[in-house]
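Just so you know, these numbers use all the heavy atoms, side chains as well, and skip hydrogens, waters and symmetry mates. Count residues from 1 along the sequence. For clarity, every value in this text was computed on a predicted model and none was experimentally measured.
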Amino acid sequence: MINNAPDAYAFDRLPKEEKASLFNVAIVRMGLSTSLAQFMLGATLGHRMTFIEAMIATTIGSLVLLFVSFGLGYAGMKESLSTSILSKMCGFGKIGSMFIGIIISINSLCWFGINISLISQGAINTICLTVIHS
């Protein structure tokens, strides 16, 4: 039986029929890695650092993120559990899992804020150009 509630499996294992395919997950991950915010990060690094410094910073940051997200993703895939439940069971405890959840939430809010900022700047520039040229 498929449960459509958004938090239906927040504290339980996800049934096999509810799991997303590797293709769907890969498409989302590729979209995240080629988002406009990533291009903005590249442009900012390009103006503030030399090419070698920017490549080193990006590589180190990406490798750290890769190992952490791969570890959590692999454990989540094998155990069919959410990140918060996994972190609670893996020794972080209740306080540690809340801390991990706060970090993920702040990261998501910042990512969302950057994208909204880019969209609104584009909309304002488009409206202003339309008004000026009218």
Side-chain angles (χ1 to χ4, degrees):
M1 181 172 132
I2 295 176
N3 192 341
N4 290 329
D7 59 350
Y9 304 108
F11 301 107
D12 299 322
R13 292 188 189 278
L14 186 67
K16 226 174 200 177
E17 62 270 4
E18 290 282 324
K19 289 185 178 182
S21 70
L22 176 63
F23 178 75
N24 288 345
V25 174
I27 291 295
V28 170
R29 296 296 294 181
M30 283 188 276
L32 288 173
S33 66
T34 59
S35 71
L36 190 54
Q38 293 296 327
F39 292 123
M40 291 288 294
L41 173 66
T44 302
L45 289 177
H47 287 293
R48 305 276 192 263
M49 299 178 170
T50 67
F51 178 74
I52 298 297
E53 289 172 337
M55 290 304 293
I56 290 171
T58 303
T59 302
I60 290 172
S62 296
L63 286 175
V64 168
L65 185 60
L66 169 80
F67 287 119
V68 170
S69 62
F70 178 78
L72 281 172
Y74 186 76
M77 177 194 71
K78 286 295 190 186
E79 296 299 322
S80 299
L81 291 170
S82 66
T83 303
S84 60
I85 298 297
L86 272 175
S87 60
K88 190 176 187 180
M89 292 172 55
C90 291
F92 290 102
K94 187 175 181 178
I95 302 295
S97 67
M98 288 191 313
F99 182 68
I100 290 173
I102 289 169
I103 290 172
I104 291 171
S105 299
I106 290 170
N107 186 14
S108 297
L109 286 171
C110 291
W111 184 83
F112 180 75
I114 288 170
N115 283 324
I116 291 299
S117 171
L118 293 172
I119 291 168
S120 62
Q121 286 175 0
I124 289 171
N125 289 339
T126 303
I127 291 169
C128 288
L129 287 176
T130 305
V131 170
I132 291 172
H133 292 298
S134 295

Please set out all donor-acceptor pairs under 3.5 angstrom arising from side-chain atoms of residues 95-104, sequence neighbours excluded.
unit_1: Ser97; atom_1: OG; unit_2: Gly93; atom_2: O; d: 3.1
unit_1: Ser97; atom_1: OG; unit_2: Lys94; atom_2: O; d: 3.0

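Taken to the nearest 0.5 Å, the CD1 atom of Ile127 stands 10.0 Å off from the OG atom of Ser120. Here the CD1 atom belonging to Ile56 is positioned 7.5 Å from the OG1 atom belonging to Thr50, to the nearest 0.5 angstrom.
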